[in-house]
Amino acid sequence: MKNVIVIPDSFKGTVSSAEFCDIAKRVINRSMPQCEVSCLPVADGGEGSVDAFLTACGGEKRRLFVCGPYMEKTESFYGVLPDGTAVIEMAAAAGLPMVGDNKHAEKTTTYGVGELILDAVNKGAKKIVLALGGSATNDGGCGAAAAMGVRFFDKDKNCFVPVGETLKDVCHIDVSLAKQRLADVEITAMCDIDNPMYGPNGAAYVFAPQKGADEACVKMLDDGLKSLAEVIFSELGIRVDDIPGAGAAGAFGAGAVAFFGAKMTMGINAVLDAVDFDRRLENADLVISGEGKLDSQSLRGKVVIGIAKRTKAKNVPLIAVVGDVGDSYEKAYDMGVSAIFSINRVAVPFSEARLRSKADLEASLEDIFRFAAVISR
């Protein structure tokens, strides 16, 4: 074995994708010192996406102050790749960790994300990758749109910046200024889910409870998103209801399409294209990937499966080393995964297992590559 690519997602809250890469490279170098190891830490739309792109492609991080989830001034950032592409992580201005225990999905805004986009455009970005994930919001991307110049009006023609609880009040939308600002800008919105904008599988019902919404609030938010979708169609002529991923990041997916003309894509596909993964596969003997849990949700397009589709096409074996394995994981084999290993080595609660995740990952990889070294002799 001469060439191994290590390309994992993070194990949320325990092992970052960069830490996974460092551990894997150390283990492979011990077992197969002659093997070349290429490390590509990735993220598929949530927190860490900017760092993943910069690590894989190079570039720089730009820092600036923008409005946070409650319009408070907060330091944020975005990435600029060597080709000038701006990578904007919405979690950097409207992320769930930013609100702590003060979770109110009906009141939070994506306004600061729009300020990041506007700064990138004003500094000359012609391509923007917008990473949707990890949000504290449910405003349909209206806050970000307002920062970019979109104007929202209620029935009395008052202009306002909608949040989750006031989406129902939107009656008229003027996108002319934002359209002018983005005339020659290409935006790709990346996410790791395919949920619709509203309904039982939409943004409010599936994700708002973890953002502080109770049952009554969830219904109110869902009704607001449905109302917004109807106004978007009547005012802009764009149907966003059932676009796969429209429900991402509090329905920012829908807003990105409607207000910014964004193209939606599964996050891992955007990352793999950016790092020229298909070309890298041409000389690879093996690919190692991983994520926190491989289950039925993973099969809908998260990191491991997104990579598996590429490796299968090139006939390169893929090993998935994951934190845990859930139901229906076996279908991953049909989708291109060659073998699946969980790092759960002892029967302890997650509260204890998480503290030993790095050591268990290293031990699991050690077992895999000891065996690989033997059979490759």
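Heavy atoms only: backbone and side chains are in, while hydrogens, waters and symmetry mates are out.
Side-chain contact check for Lys211 and Ser135: at least one donor-acceptor pair (N or O, by modelled atom type) lies under 3.5 Å. Side-chain contact of Ser364 with Arg345: a donor-acceptor pair under 3.5 Å is present, judged by distance alone.
As a member of the Ile/Leu/Val/Met/Phe/Trp/Tyr network built from side-chain separations under 4.5 Å, Leu96 groups with Tyr70, Val99. Clustering of Ile, Leu, Val, Met, Phe, Trp and Tyr side chains at separations under 4.5 Å places Tyr205 together with Val218. Using a 4.5 Å cut-off between side-chain heavy atoms of Ile, Leu, Val, Met, Phe, Trp and Tyr, Phe20 falls into a hydrophobic cluster with Met1, Val4, Val6, Phe11, Val15, Ile23, Val27, Ile28, Met32, Val37, Leu286, Ile288, Ile319, Val321, Phe341, Ile343, Leu361, Leu365, Ile368, Phe369.
Under 4.0 Å is where a charged nitrogen must lie from a carboxylate oxygen, and between Lys219 and Asp223 at least one such pair does. Look at Arg26 and Glu362 and you find a salt bridge, because one of the NZ, NE, NH1 or NH2 atoms lies within 4.0 Å of a carboxylate O, short of that distance. Contact check on Asp273 versus Arg310 returns a salt bridge, with a Lys/Arg side-chain nitrogen under 4.0 Å from an Asp/Glu carboxylate oxygen. The pair Lys2-Glu36 does not count as a salt bridge, with every side-chain nitrogen at least 4.0 angstrom from each carboxylate oxygen.
For residues 115-142, the pairs satisfying salt bridge (charged side-chain N to carboxylate O under 4.0 Å, His left out) are Lys73-Glu115, Asp119-Lys123, Lys126-Asp184, with sequence neighbours left out. Applying the salt bridge (charged side-chain N to carboxylate O under 4.0 Å, His left out) test to residues at least two apart or on different chains, the pairs with a partner in residues 51-62 are Asp51-Lys61, Glu60-Arg62.
Atoms CG and NZ, on Leu221 and Lys226 in that order, are 15.0 Å from each other to the nearest 0.5 Å. Put simply, CD on Glu291 and CD1 on Ile307 are 8.5 Å apart, with the number rounded to the nearest 0.5 Å.
The main-chain N or O of Ala92 is found under 3.5 Å from a side-chain atom of Ser76 such that the two form a donor-acceptor pair. For Asn29 (side chain) and Pro33 (main-chain N/O), no donor-acceptor pair under 3.5 Å exists by modelled atom type.
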Should Arg370 and Glu366 be marked as a salt bridge (Lys or Arg N to Asp or Glu O under 4.0 Å) after you check the CA-CA gap, both sets of side-chain angles, and the distance that decides it?
CA-CA 6 Å; Arg370 278 180 175 270; Glu366 185 79 42; 3.4 Å; yes
Just do the salt bridge (Lys or Arg N to Asp or Glu O under 4.0 Å) check on Asp276 and Arg279 with the steps written out, would you?
CA-CA 6 Å; Asp276 203 7; Arg279 180 189 59 77; 2.7 Å; yes
Starting from the C-alpha separation in whole Å, work towards a yes-or-no answer on salt bridge (Lys or Arg N to Asp or Glu O under 4.0 Å) for Arg239 and Asp241.
CA-CA 6 Å; Arg239 181 67 74 187; Asp241 314 40; 3.7 Å; yes
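The shortest side-chain heavy-atom distance between Leu116 and Leu64 falls under the 4.5 Å cut-off.
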Please set out all donor-acceptor pairs under 3.5 angstrom arising from side-chain atoms of residues 229-237, sequence neighbours excluded.
residue: Ser234; atom: OG; partner: Glu230; partner atom: O; Å: 3.2
residue: Ser234; atom: OG; partner: Val231; partner atom: O; Å: 3.1
residue: Glu235; atom: OE1; partner: His172; partner atom: ND1; Å: 2.4
residue: Glu235; atom: OE1; partner: Ile173; partner atom: N; Å: 3.2

